[in-house]
There are 2 protein chains.
Amino acid sequence: MPFGKGRCWRFRRTQAREALIKLLSRTKGHLSAEEIFWELKKVLPGVGLATVYRTLDLLTEIGLIKRYDFKDGKARYEFIHNDNAEHYHLICKNCGKIIDYEVTLEEDPLKDFKNSIQKKFNFKIESSDLQFYGLCENCQKLEK
Amino acid sequence: MPFGKGRCWRFRRTQAREALIKLLSRTKGHLSAEEIFWELKKVLPGVGLATVYRTLDLLTEIGLIKRYDFKDGKARYEFIHNDNAEHYHLICKNCGKIIDYEVTLEEDPLKDFKNSIQKKFNFKIESSDLQFYGLCENCQKLEK
DNA sequence: TTATTATTGATAATAATTCTCATTTTCATT
DNA sequence: AATGAAAATGAGAATTATTATCAATAATAA
């Protein structure tokens with residue numbers, strides 16, 4: 001947690017930031033900025049949408065949350081609960097369901113691929129972004 | 001090629017579509033809709049931006065081109081030259097350079113990962129989307 | 001407590017994309 | 001070649017997620 005008792009951050013401990021971190025850390029899912037805004041309003045009625053965007057940017061930069069693009073025109077945010085894991089998503093094109101797939105860094109299926117790229121192109125990977133689009137179990141049945 | 005001599009498509013053969021396909025098939029790179037619009041205007045001065053968007057959607061649906069999101073706020077499009085290959089991108093966060101990495105489907109580094117997902121979640125993958133963000137060779141040197 | 005300065009909320013601005021609709025093209029059928 | 005129905009187009013308005021602006025407020029160090 002970035003907020004302990006004393007000063008432990010290079011940023012100010014504001015109500016908006018505390019509330020937003022608390023909200024996201026307790027939410028399983030992939031909320032958009034606007035969804036987060038409305039949720040946050042329940043706790044902090046005066047909060048503004050711009051602050052939500054600014055705070056999401058900040059937390060993304062710090063690495064406390066991750067921003068995802070699932071191709072529906074808006075960014076989605078997720079709290080990073082496990083620092084030692086990679087997190088992949090399967091997105092159903094039919095019903096929109098998002099399936100999470102988490103693996104430890106050690107057993108990351110992309111590990112070898114990433115290593116080979118770093119060598120082959122002398123490219124230093126800082127982050128990667130992988131999504132799978134298709135049909136979930138349920139929607140496959142419905143198609144028949 | 002979708003345009004042969006006679007009727008070979010379920011869509012009409014229009015000037016805009018022919019010109020756009022010709023343009024993209026000859027362009028190496030990752031053009032945005034607007035860049036494509038201005039290029040197309042050189043050949044077809046009367047063309048409208050909406051038509052460009054509509055045609056790009058159409059060609060994407062058909063599978064003649066692929067739409068990519070490199071996190072710069074606009075979609076980018078690329079002609080699919082090789083149907084039997086997967087195409088990955090390395091994007092330099094510093095200079096914006098995009099490195100293409102193409103592999104045949106047989107030697108796709110994601111092959112096993114995809115198979116395991118299809119089994120594990122009973123999820124039918126239709127497409128996947130993988131980008132690597134980081135520092136290219138040149139920008140790594142500059143950082144020092 | 002106070003002074004400093006980061007942060008905020010409201011709202012305007014931006015920018016990519018989509019929508020609307022009257023007009024024009026395409027193409028199968030004469 | 002001419003015709004008519006439907007598809008496609010261009011111009012611009014509308015939409016929508018996100019950013020920028022700026023005066024007011026809140027958080028921190030002193």
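Values in this document were obtained by computation on a predicted structure and should not be read as measured data. Chain letters run A, B, ... following the sequence lines, proteins first and then strands; every chain starts at 1.
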Donor on one side chain, acceptor on other, Tyr88(B) and Asp108(B), under 3.5 Å: yes
Length of the [atom1]-[atom2] vector between [X] and [N], whole Å:
| X | N | atom1 | atom2 | result |
| --- | --- | --- | --- | --- |
| Leu31(A) | dA17(D) | CG | P | 15 Å |
| Phe37(B) | dG10(D) | CZ | P | 9 Å |
| Ile21(B) | dA8(D) | CD1 | P | 13 Å |
| Lys71(B) | dA16(C) | NZ | P | 18 Å |
| Leu44(B) | dG10(D) | CG | P | 7 Å |
| Arg54(B) | dA11(D) | CZ | P | 11 Å |
| Leu58(A) | dT8(C) | CG | C1' | 14 Å |
| Leu40(B) | dT9(D) | CG | C1' | 13 Å |

Per Gln15(B) side chain, nearest of listed nucleotides dT17(C), dT26(C), dT18(D): dT26(C)
Glu126(B) bridged to Lys93(A) by N-O distance under 4.0 Å: yes
Earlier contact from the 5' end, DNA chain C, for Ala16(A) and Asp72(B): Ala16(A)
Set of residues satisfying salt bridge (Lys or Arg N to Asp or Glu O under 4.0 Å) with respect to Asp100(B), sequence neighbours excluded: none
Below 4.0 Å: OP1/OP2 of dT18(C) and any side-chain N or O of Tyr53(B): no
Side-chain N or O of Thr14(B) closer than 4.0 Å to phosphate OP1/OP2 of dT9(D): yes
Polar side-chain contact Arg12(B)-dA6(D) base: donor and acceptor under 3.5 Å: yes
Check: Arg13(A) side chain, dT28(D) base, donor-acceptor under 3.5 Å: no
Gap between atom CG of Leu44(A) and atom CZ of Arg17(A) - 0.5 Å precision: 13.0 Å
Reported NZ-to-CD distance for the pair Lys74(A) and Glu35(A), which is rounded to 0.5 angstrom: 6.5 Å
Main-chain N/O of Phe132(A) paired to His89(A) side chain as donor or acceptor, under 3.5 Å: no
DNA chain C contacts made by residues 45-52 of chain A, counting heavy atoms under 4.0 Å: Gly46(A), Val47(A), Gly48(A), Ala50(A), Thr51(A)
Side chains of Tyr68(B) and Lys66(B) in contact at under 4.5 Å (non-hydrogen atoms): yes
Any-strand Watson-Crick or G-U partner of dA6(C), both distances under 3.5 Å: dT25(D)
